Q: 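Below is one structure. I have some questions about it.
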Amino acid sequence: FQYRGWTAGARLYLQKLLKSECIKAEGNFIFSVPNVSARFNLSKEVVKGLTLNTEMYVAGRTKCLLSPFVLIGGEPISDVNFTFPPYFLMDIGARYKWSFLEFFVQAKNITNTKYRLGGDRVPVLQEGFSVLGGITFHISK
């Protein structure tokens with residue numbers, strides 16, 4: 001969606017397992033993949049060349065088949081079929097284009113949410129709050 005300098009986008013992901021042969025699954029869950037997730041982004045060019053943006057992401061429960069040697073919160077797990085709770089992430093950023101240069105800064109996971117993703121038997125702890133910046137040189141003919 002675009003209107004008067006605003007740009008917005010949304011995506012909704014739903015997955016339901018019908019049949020499984022070569023992947024680890026239980027019921028309708030594919031292990032390490034959330035059944036529901038959604039992403040929403042919004043940006044606005046506030047002055048010529050300067051765009052501010054935000055992106056929000058939410059993921060539903062994620063079931064994992066864990067190794068019995070995995071520790072959660074410093075304690076060994078009692079059930080190898082573990083369910084991670086839903087989580088919400090939010091990023092904010094700014095981008096400035098000037099001539100052939102483009103500068104950007106992005107603050108990722110601004111709520112510093114702790115969450116785990118993927119992994120075969122050991123879900124990987126994901127990065128908390130971070131800031132990323134960069135400069136791009138646009139070269140054309």
Side-chain angles (χ1 to χ4, degrees), residues 1-67 69-141:
F1 174 80
Q2 292 181 328
Y3 179 73
R4 294 186 181 181
W6 289 92
T7 301
R11 296 180 194 103
L12 175 65
Y13 303 95
L14 304 168
Q15 71 90 7
K16 181 175 181 177
L17 181 64
L18 300 177
K19 185 178 178 183
S20 169
E21 290 184 18
C22 297
I23 55 175
K24 294 177 182 159
E26 177 182 279
N28 291 328
F29 278 91
I30 297 173
F31 286 121
S32 300
V33 177
N35 272 4
V36 176
S37 62
R39 186 176 300 274
F40 176 75
N41 53 40
L42 180 66
S43 65
K44 169 81 167 122
E45 185 173 23
V46 292
V47 294
K48 183 166 175 55
L50 177 62
T51 302
L52 303 178
N53 63 70
T54 185
E55 184 167 18
M56 291 159 268
Y57 177 78
V58 63
R61 293 179 305 131
T62 305
K63 282 192 174 189
C64 295
L65 181 63
L66 300 178
S67 164
F69 305 109
V70 171
L71 301 178
I72 302 290
E75 298 292 324
I77 58 169
S78 58
D79 184 3
V80 293
N81 290 317
F82 190 82
T83 301
F84 286 101
Y87 59 90
F88 171 80
L89 304 175
M90 184 173 182
D91 304 339
I92 57 173
R95 180 173 303 277
Y96 182 70
K97 292 182 182 180
W98 174 72
S99 186
F100 62 91
L101 293 173
E102 185 174 340
F103 306 89
F104 81 92
V105 64
Q106 190 81 23
K108 311 283 278 174
N109 192 359
I110 63 171
T111 58
N112 199 27
T113 300
K114 303 290 188 242
Y115 66 106
R116 295 174 187 265
L117 283 180
D120 183 25
R121 304 243 180 213
V122 182
V124 179
L125 182 62
Q126 299 299 298
E127 185 174 22
F129 174 78
S130 63
V131 177
L132 176 66
I135 301 172
T136 304
F137 298 90
H138 295 277
I139 301 171
S140 61
K141 294 180 183 180

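Because the structure is a prediction, the values reported are computed rather than measured.
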Q: Test Asn35 against Phe29 for side-chain contact (heavy atoms from CB on, under 4.5 Å), laying out the working first.
A: CA-CA 7 Å; Asn35 272 4; Phe29 278 91; 3.6 Å; yes

Q: So does Phe84 get a backbone contact from the side chain of Thr62, meaning a donor-acceptor N/O pair under 3.5 Å?
A: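 No; judged by distance alone, with no hydrogens or angles, the pair does not exist.
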
Q: Suppose we screen for side chain to side chain donor-acceptor pair (under 3.5 Å). Which residues come up paired with Gln126, at least two apart in sequence or across chains?
A: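 Partners of Gln126 by the side chain to side chain donor-acceptor pair (under 3.5 Å) criterion come out as none, since no residue qualifies.
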
Q: Nearest heavy-atom pair of Ala38 and Leu12: which atoms, and what distance?
A: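 Ala38 and Leu12 have their closest heavy atoms at CB-CD1, 4.1 Å.
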
Q: Does Thr136 reach the side chain of Lys97, with side-chain heavy atoms less than 4.5 Å apart?
A: no

Q: Test Asn53 against Gln106 for side-chain contact (heavy atoms from CB on, under 4.5 Å), laying out the working first.
A: CA-CA 9 Å; Asn53 63 70; Gln106 190 81 23; 3.5 Å; yes

Q: Testing the basics here: between Phe40 and Ala10, what is the closest heavy-atom pair and its distance to 0.1 Å?
A: CD1-CB, 4.0 Å

Q: Please round to the nearest 0.5 Å and tell me the distance separating atom CG of Asp91 and atom CD1 of Ile110.
A: 7.5 Å

Q: Taking Lys44 for the side chain and Arg4 for the main chain, is one N or O donor matched with an acceptor at less than 3.5 Å?
A: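 Here the side-chain-to-backbone pair exists.
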
Q: Are the side chain of Asn109 and the backbone of Glu127 linked by a donor-acceptor contact shorter than 3.5 Å?
A: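 It does hold such a pair.
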
Q: Walk me through whether Met56 and Thr54 qualify under side-chain contact (heavy atoms from CB on, under 4.5 Å).
A: CA-CA 7 Å; Met56 291 159 268; Thr54 185; 4.1 Å; yes

Q: Is it the case that the side chain of Gln2 and the backbone of Trp6 share a donor-acceptor pair, with hydrogens and angles ignored and the cut-off at 3.5 Å?
A: no

Q: With rounding to the nearest 0.5 angstrom, report the CG to CG distance, Leu52 to Leu42.
A: 10.0 Å

Q: Classify the ring geometry of Tyr57 against Tyr87: parallel below 30°, tilted from 30° to 60°, perpendicular beyond 60°.
A: tilted

Q: CZ of Arg61 to OG1 of Thr83: how many Å apart, nearest 0.5 Å?
A: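 Between Arg61 CZ and Thr83 OG1, I get 6.0 Å after rounding to 0.5 Å.
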
Q: Report the distance from atom CG of Leu125 to atom OH of Tyr115, rounding to the nearest 0.5 Å.
A: 9.0 Å

Q: Please list, chain by chain and in numerical order, all residues satisfying side chain to side chain contact (heavy atoms under 4.5 Å, CB included) with Lys114, sequence neighbours excluded.
A: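 Lys114 satisfies side chain to side chain contact (heavy atoms under 4.5 Å, CB included) with Asn112 once adjacent residues are dropped.
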
Q: Closest approach of Pro34 and Gln15, non-hydrogen atoms and distance?
A: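 For Pro34 and Gln15, the tightest heavy-atom pair comes out as O-CG, 3.7 Å.
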
Q: For Ile135, give me all partners under side chain to side chain contact (heavy atoms under 4.5 Å, CB included), at least two apart in sequence or on another chain.
A: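 Residues passing side chain to side chain contact (heavy atoms under 4.5 Å, CB included) with Ile135: Leu101, Phe103, Phe137.
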
Q: To the nearest 0.5 Å, how far apart are CZ in Phe104 and OG1 in Thr51?
A: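 One gets 13.5 Å once the value is rounded to the nearest 0.5 Å.
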
